[in-house]
Amino acid sequence: MPRKTVSLAKEMGLVKERKIINFDGRCLQDTGYRSSGIGKYAEWLFIKLLASPQFLVKFAAHQEDQYVASLLKKVEFETIPFCEMRSGIYFNPSLMTHNSEPLDLASARGLTRVGVVHDLIPLRRPDESSEYDLSLFKTMLGKSAELDVIVANSLCTMRDYRAWRKADVSLFVLHPESRFAACGPDVSHAKKAVQAILKIDSPYVFFAVADHPRKNIELAARAAPALQELGFATVVGGGISATTIERLSQSYDLSTITFTPRLSDPDLVSVYVAAEAVVIPSFDEGFSLPVFEAVNLGCRVLVSDIDAHREQVLDSKHFFKPDDLGDFLESFHATSSCESTNHVLFDHTKELASFLNRLDDCSS
């Protein structure tokens with residue numbers, strides 16, 4: 001269509017201009033968050049927004065970096081400094097992890113403000129955050145009241161947020177999608193891959209944890225001797241640091257445990273699929289992406305009995321008290337005949353469509 005014709009069509013309302021979304025990319029540029037559940041969620045949202053024809057998505061950042069360069073090789077998008085956000089929507093996929101400067105700028109310039117709340121865990125477990133991080137979290141949580149649209153990553157987070165606000169605040173719930181296809185590699189292929197990756201050829205139980213107190217890595221250390229007696233090795237994921245491993249070794253025998261580095265997605269899928277069981281023993285979560293990924297791959301999954309896990313797993317015998325080794329072993333025995341895990345099926349298409357329609361209705 002010639003340019004003049006397009007211009008005339010726009011004036012007549014026949015062609016709808018795309019809404020600009022200024023996507024705050026700081027949590028994706030931050031290596032500490034990029035590999036976490038928050039980072040995976042943010043990247044998923046960014047890709048989904050880029051694929052939406054009604055939006056022109058710009059990656060807003062202080063400066064371009066290696067991550068942005070690598071992402072540009074996969075998908076095409078425009079990068080801008082925050083100071084060039086002048087219209088449309090300011091979208092923060094991780095509201096409480098960085099300071100409020102871009103949000104304040106968006107407010108001053110009259111942009112529609114959208115932000116994601118992932119969890120309120122620092123309020124429940126303040127001793128696990130530094131004084132600075134806790135102060136930042138509380139400040140940004142307070143700033144959430146300035147948002148025009150608030151997104152929660154789970155029903156659990158939505159309930160927690162409403163309880164904190166002491167009001168029935170309107171939130172969109174957007175459950176993340178798994179990075180992995182529902183049909184992973186067959187078990188025999190996965191076992192061969194694990195032999196090459198981890199040099200393990202015996203049956204094993206995989207603990208999907210991370211190097212953080214609330215992830216409850218201690219349960220893996222406590223359970224390892226009992227699992228060995230049952231004929232299973234213990235594999236612990238999450239790239240646990242040498243400092244944490246040394247600390248654990250002061251209290252536990254770690255000789256039967258294999259600690260993995262951070263794995264590529266294909267390697268992680270193989271480790272999931274080849275495991276006798278996947279265990280997520282967290283004390284607290286906002287959503288818990290490893291649970292969703294493991295059940296999506298058809299794994300037998302055992303989870304700590306917390307709200308975020310009850311939102312995903314349906315069968316009570318798959319739950320255990322996170323601080324109770326005996327309860328974990330009871331769950332392990334009770335699910336021994338289970339090849340997979342009965343879980344909730346989220347309607348991602350409906351959730352996303354409803355949210356995108358809301359964004360499309362926003363006016364700057």
Side-chain angles (χ1 to χ4, degrees), residues 16-28 33-34 36-60 71 74-78 88-97 106 111-119 144 147-162 169-183 265 285-297 308-309 311-314 343-364:
K16 189 175 181 180
E17 289 193 33
R18 291 193 293 170
K19 176 75 67 177
I20 295 174
I21 294 181
N22 303 280
F23 190 93
D24 188 330
R26 287 176 297 170
C27 79
L28 289 175
Y33 286 107
R34 186 163 66 232
S36 71
I38 287 176
K40 301 301 182 187
Y41 185 93
E43 187 170 277
W44 167 72
L45 262 179
F46 183 60
I47 298 300
K48 287 295 183 182
L49 290 171
L50 280 175
S52 303
Q54 66 265 49
F55 300 114
L56 173 61
V57 183
K58 301 181 180 183
F59 190 99
L71 192 58
K74 303 175 186 176
V75 289
E76 185 177 343
F77 58 90
E78 180 183 352
I89 297 169
Y90 166 70
F91 193 116
N92 190 325
S94 176
L95 184 67
M96 272 86 83
T97 56
L111 276 67
T112 300
R113 296 147 300 177
V114 181
V116 180
V117 177
H118 286 270
D119 61 67
S144 68
L147 298 173
D148 299 294
V149 180
I150 305 173
V151 181
N153 64 340
S154 67
L155 294 170
C156 175
T157 298
M158 179 185 72
R159 289 191 295 268
D160 285 348
Y161 183 80
R162 286 176 171 171
V169 182
S170 176
L171 288 89
F172 275 88
V173 174
L174 278 180
H175 292 98
E177 293 184 67
S178 173
R179 293 170 286 168
F180 313 133
C183 182
D265 285 355
E285 293 286 355
F287 175 71
S288 198
L289 188 58
V291 175
F292 187 59
E293 291 175 340
V295 296
N296 194 56
L297 288 167
H309 291 166
E311 186 172 335
Q312 298 189 59
V313 177
L314 295 173
H343 62 283
V344 176
L345 297 174
F346 301 113
D347 193 338
H348 297 289
T349 301
K350 183 177 180 180
E351 287 183 355
L352 188 62
S354 176
F355 176 63
L356 293 179
N357 286 337
R358 176 69 178 89
L359 289 188
D360 204 26
D361 290 340
C362 289
S363 58
S364 59

Quick one, Val344 and Leu314 - any side-chain contact, counting heavy atoms below 4.5 Å?
yes
dist Cys156:SG -> Glu311:CD (nearest 0.5 Å) comes out at 6.5 Å
Minimum heavy-atom separation for Leu49 to Phe55, with atom names?
O-CB, 4.4 Å
Considering all heavy atoms of both residues, which atom of Glu76 and which atom of Leu50 are nearest to each other, and what is their separation?
O-CD2, 4.1 Å
Min side-chain heavy-atom separation Leu95-Leu147 under 4.5 Å:
yes
Residue pair Val114, Phe172: steps toward the side-chain contact (heavy atoms from CB on, under 4.5 Å) verdict
CA-CA 11 Å; Val114 181; Phe172 275 88; over 6 Å; no
Distance-minimising heavy-atom pair for Ser144 and Tyr161:
OG-OH, 2.7 Å
Check: Gln54 main-chain N/O paired with Ser52 side-chain donor or acceptor under 3.5 Å:
no
Would Lys19 and Leu359 satisfy side-chain contact (heavy atoms from CB on, under 4.5 Å), going step by step from the backbone distance to the final call?
CA-CA 9 Å; Lys19 176 75 67 177; Leu359 289 188; over 6 Å; no
Is there a side-chain contact between Glu78 and Lys58 in this structure, where contact means two heavy atoms from C-beta onward sitting under 4.5 Å apart?
yes
Answer yes or no: is there a side-chain heavy-atom contact under 4.5 Å between Asn357 and Ser354?
no
To the nearest 0.5 Å, how far apart are CG in Leu28 and CD1 in Ile38?
11.0 Å
Parallel under 30°, tilted from 30 to 60°, perpendicular over 60°: which one fits the rings of His175 and His348?
perpendicular
Can you name the nearest heavy-atom pair linking Val116 to Pro93, along with the distance?
CB-O, 3.4 Å
Rounding to 0.5 Å, atoms CG (Asn92) and CG (Asn22) come to a distance of 12.0 Å
Using a 4.5 Å cut-off on heavy atoms from C-beta on, say whether the side chain of His118 contacts that of Thr157.
no
Apply side-chain contact (heavy atoms from CB on, under 4.5 Å) to residues Phe355 and Val149 and explain how you reach the verdict.
CA-CA 10 Å; Phe355 176 63; Val149 180; 4.1 Å; yes
How long is the gap from CG on Asp360 to CD1 on Ile21, to the nearest 0.5 Å?
9.0 Å
Output, in order, the C-alpha distance, side-chain angles, deciding distance and verdict of side-chain contact (heavy atoms from CB on, under 4.5 Å) for Asp148 and Cys362.
CA-CA 9 Å; Asp148 299 294; Cys362 289; 5.8 Å; no
Donor-acceptor pairs are to be reported for all side-chain atoms of residues 285-294 against protein atoms at under 3.5 Å, with residues two or more places apart or in another chain.
residue : atom : partner : partner atom : Å
Glu285  : OE1  : Arg214  : NH1          : 3.2
Glu285  : OE1  : Lys215  : NZ           : 3.3
Glu285  : OE2  : Lys215  : NZ           : 2.7
Glu285  : OE2  : Ser282  : OG           : 2.7
Ser288  : OG   : His309  : NE2          : 2.9
Glu293  : OE1  : Arg179  : NH2          : 3.0
Glu293  : OE2  : Arg179  : NE           : 2.7
Glu293  : OE2  : Arg179  : NH2          : 2.8

Roughly how far, to the nearest 0.5 Å, is CG of Leu111 from OH of Tyr90?
10.5 Å
Can you give the donor-acceptor pairs under 3.5 Å from side chains of residues 39-48 to other protein atoms, not counting sequence neighbours?
residue : atom : partner : partner atom : Å
Tyr41   : OH   : Leu174  : O            : 2.8
Glu43   : OE1  : Tyr67   : OH           : 2.5
Trp44   : NE1  : Glu177  : OE2          : 3.2
Lys48   : NZ   : Glu177  : OE2          : 3.2

For the CE atom of Met158 and the CG atom of Leu171, what is their distance to the nearest 0.5 Å?
7.0 Å
